[in-house]
Peer 1: 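Please read through the structure below; I'll follow up with questions.
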There are 2 protein chains.
Amino acid sequence: MRYFVAVAEELHFGRAAQRLGIAQPPLSRAISQLERRLGTTLLERTSRTVSLTEAGSVLLREGRAALEAVEAAERRTRRAALATTGQAGVVLATKAGASDELLAKLLDAYASEPGAVTVDVLLCAIGEQERLLRDGRADVALLHRPFDSTAGFDTEELCTEGQVVVLPAGHPLARRTHLRMADVTELPGLPMPRWPCRDGTYPDGPGPQVRDHTQLTQLIALGRACAVLPESCRAQLRDDLAAVPVPDAPAVTTVIAWPPQSRSRAVAGLVRAATRL
Amino acid sequence: MRYFVAVAEELHFGRAAQRLGIAQPPLSRAISQLERRLGTTLLERTSRTVSLTEAGSVLLREGRAALEAVEAAERRTRRAALATTGQAGVVLATKAGASDELLAKLLDAYASEPGAVTVDVLLCAIGEQERLLRDGRADVALLHRPFDSTAGFDTEELCTEGQVVVLPAGHPLARRTHLRMADVTELPGLPMPRWPCRDGTYPDGPGPQVRDHTQLTQLIALGRACAVLPESCRAQLRDDLAAVPVPDAPAVTTVIAWPPQSRSRAVAGLVRAATRL
DNA sequence: CGCGTCGATACCGGCGCGGTATCGCCGCCC
DNA sequence: GGGCGGCGATACCGCGCCGGTATCGACGCG
């Protein structure tokens with residue numbers, strides 16, 4: 001399975017073999033065996049190019065999920081072992097620089113519960129939380145719909161908030177009481193930045209590429225970009241930035257999410273504390 | 001992993017080995033290897049009894065999920081291969097005898113979409129749909145909250161309905177305009193039946209054991225039980241049965257559910273058709 | 001106290017995985 | 001157009017791991 005995913009991602013037997021740390025011939029054979037076992041061709045190969053069949057792309061998607069599931073199983077077991085010896089607590093993943101006060105309140109509320117264990121907070125780059133949660137490096141995460149996908153997790157809604165546009169403090173529009181999306185998407189000289197896609201590449205477009213909130217606020221302060229963000233970001237706004245409400249931007253819901261199988265005592269406690277906020 | 005799950009379920013190396021079709025010594029060795037690889041003891045064994053450690057029960061839960069994920073990957077790939085040759089469509093799982101009219105409308109609506117493929121409907125026993133969906137035998141399912149767990153699936157709500165109590169037509173309470181839960185939970189001679197748990201065993205209690213709606217309606221008609229069911233069951237009620245609304249019973253929501261990774265064209269089409277109903 | 005049960009250990013054989021060597025195909029470039 | 005180079009497939013070999021049988025050690029029970 002690991003072999004197939006590697007080949008399907010590289011679309012090149014040689015490179016895939018290298019990545020897997022094996023030689024190319026065993027890899028060819030393994031793929032043929034897999035194809036024979038499933039009774040289908042998964043890869044269409046000419047001697048110059050390799051491409052996925054329909055069945056192959058299904059297996060790529062499902063196989064990735066399966067691999068993540070076994071990794072998660074191993075990791076969570078290891079951590080459960082540490083937890084019994086008291087050497088580890090529960091890992092919470094959250095976006096760096098988002099939902100700060102909510103997070104603080106949550107940690108406070110949970111810490112005051114009886115039987116609370118230590119919570120290791122993992123600050124993530126954009127879109128990283130889902131993977132951490134899926135592959136067992138994190139036990140629970142704070143996600144923001146509709147930006148993050150909650151597919152495959154159990155979730156509980158925590159709060160919903162409107163969005164604001166963040167501008168350099170001196171910008172002419174910064175004194176307005178509110179703006180519409182149409183006003184801010186095409187600001188001359190202040191393009192919206194581009195966030196990385198799930199595969200790490202950036203979409204085409206005019207804006208600068210950013211990876212986290214620090215980069216973003218810096219760019220805005222420099223007058224090179226603007227951004228539409230959840231209201232709660234105002235609490236941590238530098239004083240050279242200004243925020244103006246954008247009523248017609250989609251509302252952002254912060255949810256607490258956890259993998260459906262792993263409702264441990266610690267995760268259940270965190271969720272309970274979160275819903276009581 | 002399969003080996004560990006077998007031992008953890010049997011709590012007996014000999015029986016587990018038999019179930020796996022191998023001898024006992026290789027099984028012992030495999031488990032020890034797994035424990036060494038994870039750096040933890042998973043099973044506490046005296047020479048008379050085997051029991052799970054904390055880490056072991058985590059691995060049992062997560063390992064089952066992982067095994068189901070790889071089974072699902074294989075099955076879905078095989079079916080994707082068949083689908084390209086036009087030999088198979090999409091499989092929809094639903095509870096036998098529930099949501100009949102909704103199902104009919106859904107199938108009609110989807111069939112009239114352009115590019116619709118054939119839908120194989122799989123009528124399931126209680127609680128079976130989740131497993132079918134998880135292990136790849138089904139692509140999409142109709143579930144009923146709060147009875148079925150939607151953990152780990154993407155869902156879309158279709159409709160919510162109240163519940164009614166189903167009684168023999170001649171029963172004194174059958175003429176009432178409504179009843180409360182308190183009125184029907186302890187009816188003399190008409191106990192609520194017992195449904196199987198996820199592991200196939202039945203909880204202790206007074207009522208008869210039932211596995212599907214046919215058994216249930218037969219028992220009610222015989223005057224040996226009563227049941228609280230969603231309103232929509234009235235449409236298919238035999239005329240020797242009567243239904244009385246129970247306003248304080250929890251509302252039942254019918255949802256369409258699918259595995260988060262597998263948003264194929266066909267599944268997406270069904271979901272779209274469902275939400276338009 | 002001996003017997004039966006159960007998991008662990010010891011040892012052996014065969015299959016499968018991974019390695020090297022080589023072939024066949026085909027696009028590219030001189 | 002022909003030689004070259006890159007790439008996947010095939011052939012063949014050796015070793016490690018898995019699964020088997022035989023046996024041991026622990027322990028509950030009559």
Side-chain angles (χ1 to χ4, degrees), chain A residues 1-60 63-64 66-67 70-71 73-74 77 81, chain B residues 1-60 63-64 66-67 70-71 73-74 77 81:
Chain A
M1 192 65 116
R2 269 177 46 235
Y3 290 4
F4 172 75
V5 170
V7 176
E9 283 178 356
E10 300 281 351
L11 291 179
H12 190 293
F13 279 72
R15 276 197 302 275
Q18 199 176 353
R19 194 173 108 184
L20 293 166
I22 64 171
Q24 170 260 321
L27 181 57
S28 285
R29 213 181 10 171
I31 301 292
S32 319
Q33 281 176 13
L34 183 62
E35 287 180 327
R36 235 174 306 127
R37 201 157 64 88
L38 294 174
T40 331
T41 75
L42 300 167
L43 296 164
E44 214 65 67
R45 45 256 213 214
T46 71
S47 74
R48 303 303 293 172
T49 132
V50 175
S51 65
L52 282 170
T53 64
E54 194 64 31
S57 64
V58 168
L59 186 60
L60 176 56
R64 268 187 190 138
L67 288 178
V70 332
E71 277 180 39
E74 290 191 18
T77 307
Chain B
M1 192 65 116
R2 268 176 46 238
Y3 290 4
F4 171 76
V5 170
V7 176
E9 283 177 356
E10 300 281 352
L11 291 179
H12 189 294
F13 279 72
R15 276 197 303 276
Q18 199 176 352
R19 196 173 106 184
L20 293 166
I22 64 171
Q24 170 260 320
L27 182 56
S28 285
R29 213 182 7 168
I31 301 292
S32 318
Q33 280 177 12
L34 184 61
E35 288 180 327
R36 235 174 307 126
R37 202 157 62 88
L38 294 174
T40 330
T41 74
L42 300 168
L43 296 164
E44 213 66 67
R45 46 260 211 208
T46 71
S47 73
R48 302 304 292 172
T49 134
V50 176
S51 65
L52 282 170
T53 63
E54 194 64 31
S57 63
V58 168
L59 187 60
L60 176 57
R64 269 188 189 136
L67 288 177
V70 332
E71 277 181 39
E74 289 192 21
T77 306

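Here is how names work: the chains are called A, B, and so on, in the same order as the sequence lines, proteins then strands, and each is numbered from 1.
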Peer 1: Measure CD1/B:I31 against C1'/C:dG7 and give the value in whole Å, please.
Peer 2: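 Atom-to-atom, B:I31 to C:dG7, this comes out as 12 Å.
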
Peer 1: Near A:E10 CD, under 6.0 Å, is it more than 12 heavy atoms from other residues, nucleotides or ligands?
Peer 2: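 Yes, because the 6.0 Å sphere around CD of A:E10 holds more than 12 heavy atoms from other groups.
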
Peer 1: Pair up each side-chain donor or acceptor in residues 23-34 of chain A with any protein partner under 3.5 Å, not counting sequence neighbours, and list the distances.
Peer 2:
from  : atom 1 : to    : atom 2 : distance (Å)
A:Q24 : NE2    : A:S28 : OG     : 3.1
A:S32 : OG     : A:S28 : O      : 2.8

Peer 1: Choosing from C:dA10, C:dG18, C:dG7, which nucleotide comes nearest the side chain of B:F13?
Peer 2: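 Output: C:dG7.
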
Peer 1: Give me, pair by pair, the N or O atoms of the protein and of nucleotides 25-30 of chain D that are less than 3.5 Å apart, along with how far apart they are.
Peer 2:
from   : atom 1 : to    : atom 2 : distance (Å)
D:dC27 : O4'    : B:S47 : OG     : 3.0

Peer 1: Is B:E71 salt-bridged to B:R2, cutoff N-O under 4.0 Å?
Peer 2: no

Peer 1: Using whole Å, what does the distance between atom P of nucleotide D:dA9 and atom CD of A:Q24 come to?
Peer 2: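 After rounding, the gap between these two atoms is 7 Å.
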
Peer 1: Kindly say whether B:T41 contributes a backbone atom to a donor-acceptor pair with the side chain of B:T53 at under 3.5 angstrom?
Peer 2: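 A pair under 3.5 Å: yes.
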
Peer 1: Side chain of B:H12: nearest nucleotide among D:dT21, C:dG7, D:dC18?
Peer 2: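 Output: C:dG7.
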
Peer 1: How many Å lie between CD on A:Q18 and P on C:dG19, as a whole number?
Peer 2: 13 Å

Peer 1: For A:V50 and B:I22, take the nucleotide of DNA chain D holding the closest heavy atom to each; which residue's nucleotide lies nearer the 5' end?
Peer 2: A:V50

Peer 1: Which atoms form the tightest heavy-atom contact between A:E35 and A:L42, and what is the distance?
Peer 2: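 For A:E35 and A:L42, the tightest heavy-atom pair comes out as OE2-N, 2.7 Å.
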
Peer 1: Which atom names give the shortest non-hydrogen contact between B:A73 and A:G63, and what distance separates them?
Peer 2: CB-N, 4.2 Å

Peer 1: Determine the minimum heavy-atom distance between B:T77 and A:A55, stating which atoms define it.
Peer 2: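 Nearest heavy atoms, B:T77 then A:A55: CG2-O, 3.6 Å.
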
Peer 1: Within this structure, what is the CZ-to-P distance between A:R29 and C:dT20, rounded to whole angstrom?
Peer 2: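 After rounding, the reported distance stands at 13 Å.
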
Peer 1: Between atom CD in B:E10 and atom C1' in C:dG7, what is the gap in whole Å?
Peer 2: 15 Å

Peer 1: Which of these nucleotides, C:dG18, C:dC17, D:dC18, is closest to any side-chain atom of B:Q33?
Peer 2: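 The nucleotide sitting nearest to the side chain is D:dC18.
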
Peer 1: Using whole Å, what does the distance between atom P of nucleotide C:dC17 and atom CG of A:L34 come to?
Peer 2: 12 Å

Peer 1: Compare every heavy atom of B:S51 with every heavy atom of B:L11, then report the nearest pair and how far apart it is.
Peer 2: CD2-CA, 4.1 Å

Peer 1: Quantified as the angle between the terminal helix axes (five pairs each), what is the overall bend of the helix from C:dC1-D:dG30 to C:dC30-D:dG1 to 10 degrees?
Peer 2: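 Here the helix ends are tilted 20° relative to one another.
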
Peer 1: Once you round it to whole Å, what is the distance between C1' of D:dA9 and CD of A:E44?
Peer 2: 16 Å

Peer 1: Write down the distance between CG (B:L27) and C1' (C:dA8), rounded to a whole number of angstrom.
Peer 2: 12 Å

Peer 1: So do the side chains of A:L59 and A:L38 get within less than 4.5 Å of each other, counting heavy atoms only?
Peer 2: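 Heavy-atom side-chain distance check passes, below 4.5 Å.
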
Peer 1: Of the options D:dA9, C:dA8, C:dG18, whose atoms approach the side-chain atoms of A:R45 most closely?
Peer 2: D:dA9

Peer 1: Report yes if some heavy atom in the side chain of A:H12 is under 4.5 Å from a heavy atom in the side chain of A:Q18; otherwise report no.
Peer 2: no

Peer 1: Report the nucleotide, chosen from D:dG8, C:dT20, D:dG20, that has the shortest atom-to-atom distance to any side-chain atom of B:P26.
Peer 2: D:dG20

Peer 1: Quick one: on DNA chain C, does A:Y3 or B:S28 contact a more 5' nucleotide (nearest heavy atom)?
Peer 2: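 It is B:S28, whose closest nucleotide lies nearer the 5' terminus.
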
